[in-house]
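Before any comments, here is the structure.
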Amino acid sequence: MEWTYVDEYEKLLFRMSTPRVMIDNAGCADSTRVMIDSARKHGILLEAVQVLTDLNLSIKKAYISSDGRWFMDVFHVTDLDGNKLTDESVLNYIEQTLGTIHFGRSKSFEGLTALELTGTDRVGLLSEVFAVLSNLQCNVVEANMWTHNGRIASLIYVKDDDSGSPIEDSQKIERIEAMLRNVLKGDNDIRSAKTSVSLAVTHTERRLHQMMFADRDYERKPLIKTCDESPVVAVQNCLEKGYSVVNIQCKDRTKLLFDVLCTLTDMQYVVFHATINTAGDRASMEFFIRHMDGTPISSEAEKQRVILCLQAAIERRASQGVRLELCMDDRLGLLADVTRTFRENGLNVTRAEISTTMDRALNVFYVTDAIGNQVDSEIIQSVRQKIGLSKLKVKELPLIYHQKAERDQATAGPGGTMLLSLGSLVRRNLYNLGLIKSCS
């Protein structure tokens with residue numbers, strides 16, 4: 001009898017710690033609803049959003065509500081073309097993966113060596129980095145590079161070209177670090193240029209946010225034009241309820257919510273309630289947050305830091321420039337050659353996504369001219385001819401970047417009124433979930 005009681009108690013604890021996931025394709029005409037009900041732990045909201053954004057899904061709306069121990073999150077998602085999700089394998093993957101987020105997961109980079117780089121950005125820097133790696137017989141398998149406010153952060157996964165194995169020789173690692181540090185520091189960045197080598201598995205984009213946050217890119221002034229429009233961020237305190245209220249108005253794009261939550265989580269804030277809405281190409285987000293110790297933001301200086309950090313988090317991934325896609329057989333030195341051609345034609349790479357599948361290079365570059373303006377189409381055509389017209393193509397951005405504002409959807413204005421009543425927030429969330437008939 002005693003063993004039966006213990007067994008049932010353990011099952012209860014397991015059910016309490018395992019998220020319940022429901023997917024509804026009938027309740028909304030234009031999106032798929034993903035609902036998660038689970039015990040609250042720090043970072044679990046970010047993990048849930050990470051699952052959705054890693055599938056390149058667009059989060060059109062979201063409602064988040066928590067009493068501190070339990071939460072219920074509802075996400076309205078579509079694919080990048082604005083369609084509901086109909087692929088059963090995708091729906092099953094979402095349900096299974098979200099149901100195990102308590103146990104953690106990350107994309108596997110086993111058998112690769114991770115290089116982390118931060119420093120001052122300049123035209124041609126990426127070309128020099130890839131040239132060093134090629135000369136050292138390091139084959140780049142996957143990489144991501146972001147630039148913001150004159151700074152660069154990159155996470156590069158490499159293997160030894162001769163053996164196909166991760167690089168573990170300590171002398172070679174030291175040589176890689178030293179040569180890359182020399183490239184990153186240039187003539188005037190001796191102190192802030194950083195390189196490190198790791199065999200640890202991590203989520204690339206989450207790590208890039210952490211690297212740029214640690215580099216304090218949010219405190220620096222942009223040297224070139226980096227985005228068309230700065231996000232509007234406001235922070236107020238709701239002292240009677242013990243929350244700080246963060247309101248964000250900006251251009252919508254994929255992975256926007258993920259980028260915001262990365263920064264709030266890394267700054268040790270907990271999101272208790274939130275509402276995210278999009279209309280056309282605009283996004284409106286409102287978060288009720290506290291420190292991990294349960295206190296709200298306590299000073300004007302802290303408010304300003306939150307504003308700067310959230311603006312930086314949104315701007316880092318803002319797709320400035322022409323999107324070029326390279327698809328061809330991979331080889332040692334390919335990236336060095338391609339980015340050298342960019343540099344010789346005055347192209348500045350503002351963001352890069354490098355991947356390799358079945359010995360094929362699948363790379364994306366966002367490029368501007370040296371001062372951040374759009375590149376002349378004749379220069380782009382000349383670069384394509386040198387690399388190969390069939391190999392390097394100019395790609396349009398997904399539909400989400402080109403949508404016109406939808407007339408029938410209301411969006412909060414830049415100075416939208418803050419919801420300073422927890423009761424009104426909960427009523428509005430329940431109304432949006434279809435659980436009550438009125439939010440008044």
| query | For F287, what residues pass the ring pair (Phe, Tyr, Trp, His ring centres under 6.0 Å) criterion, not counting sequence neighbours? | reply | none

| said: Distance alone, cut at 3.5 Å: any donor-acceptor contact between the side chains of R151 and T120? | reply: yes

| Would you say the side-chain atoms of K84 pair up with the backbone N or O of C28, donor to acceptor, closer than 3.5 Å? | yes

| field | For R220, all residues meeting salt bridge (Lys or Arg N to Asp or Glu O under 4.0 Å), sequence neighbours excluded | value | none

| query | Which is it for R343 and S127 under the side chain to side chain donor-acceptor pair (under 3.5 Å) test, yes or no, and what are the steps along the way? | reply | CA-CA 7 Å; R343 183 192 68 205; S127 170; 3.2 Å; yes

| query | Sequence neighbours excluded, which residues qualify as side chain to side chain donor-acceptor pair (under 3.5 Å) partners of Q381? | reply | R384

| query | Among all residues two or more places apart in sequence or in another chain, which pass the salt bridge (Lys or Arg N to Asp or Glu O under 4.0 Å) test with E205? | reply | K255, R317

| query | Judged by modelled atom types alone, do H209 and D266 share a side-chain donor-acceptor pair under 3.5 Å? | reply | no

| In terms of the angle between their ring planes, are F258 and H203 parallel, tilted or perpendicular, with boundaries placed at 30° and 60°? | tilted

| field | Step-by-step salt bridge (Lys or Arg N to Asp or Glu O under 4.0 Å) determination, R253 to D259 | value | CA-CA 11 Å; R253 59 167 174 77; D259 293 336; 2.8 Å; yes

| query | For E378, does the CD atom sit with more than 12 other heavy atoms under 6.0 Å from it, leaving out its own atoms? | reply | no

| said: With no hydrogens and no angle check, just 3.5 Å: does a side-chain donor-acceptor pair link T195 and E177? | reply: no

| query | Is there a donor-acceptor contact under 3.5 Å linking the side chains of N25 and T32? | reply | yes

| task | Could you check if a side-chain atom of I152 sits within less than 4.5 angstrom of a side-chain atom of L125, using non-hydrogen atoms only? | result | yes

Distance-only donor-acceptor pairs under 3.5 Å for side chains of residues 353-363, two or more places apart:
from, atom 1, to, atom 2, distance (Å)
E353, OE2, R351, NH1, 2.7
S355, OG, L362, O, 2.7
T356, OG1, V141, O, 2.9
R360, NH1, D329, OD1, 2.8
N363, OD1, S355, N, 3.3

| task | Using only heavy-atom distances, determine whether the side chains of T78 and N83 contain a donor-acceptor pair under 3.5 Å. | result | no

| All pairs passing ring-ring contact (aromatic ring centres under 6.0 Å, His included) where residues 292-318 contributes a residue, at least two apart | none

| salt bridge (Lys or Arg N to Asp or Glu O under 4.0 Å) evaluation trace for E302 with R305 | CA-CA 5 Å; E302 186 182 357; R305 184 168 180 263; over 6 Å; no

| query | If we ignore angles and hydrogens, is there a donor and acceptor under 3.5 Å between the side chains of N247 and Q249? | reply | yes

| So which heavy atom on K194 is nearest to which on L184, and how close? | O-CD1, 3.6 Å

| With distance as the sole criterion, is a donor-acceptor pair present between the side chains of E315 and Q311 under 3.5 Å? | no

| Cationic tip of R290 within the cone over Y243's six-membered ring, i.e. under 6.0 Å and within 45° of the normal? | yes

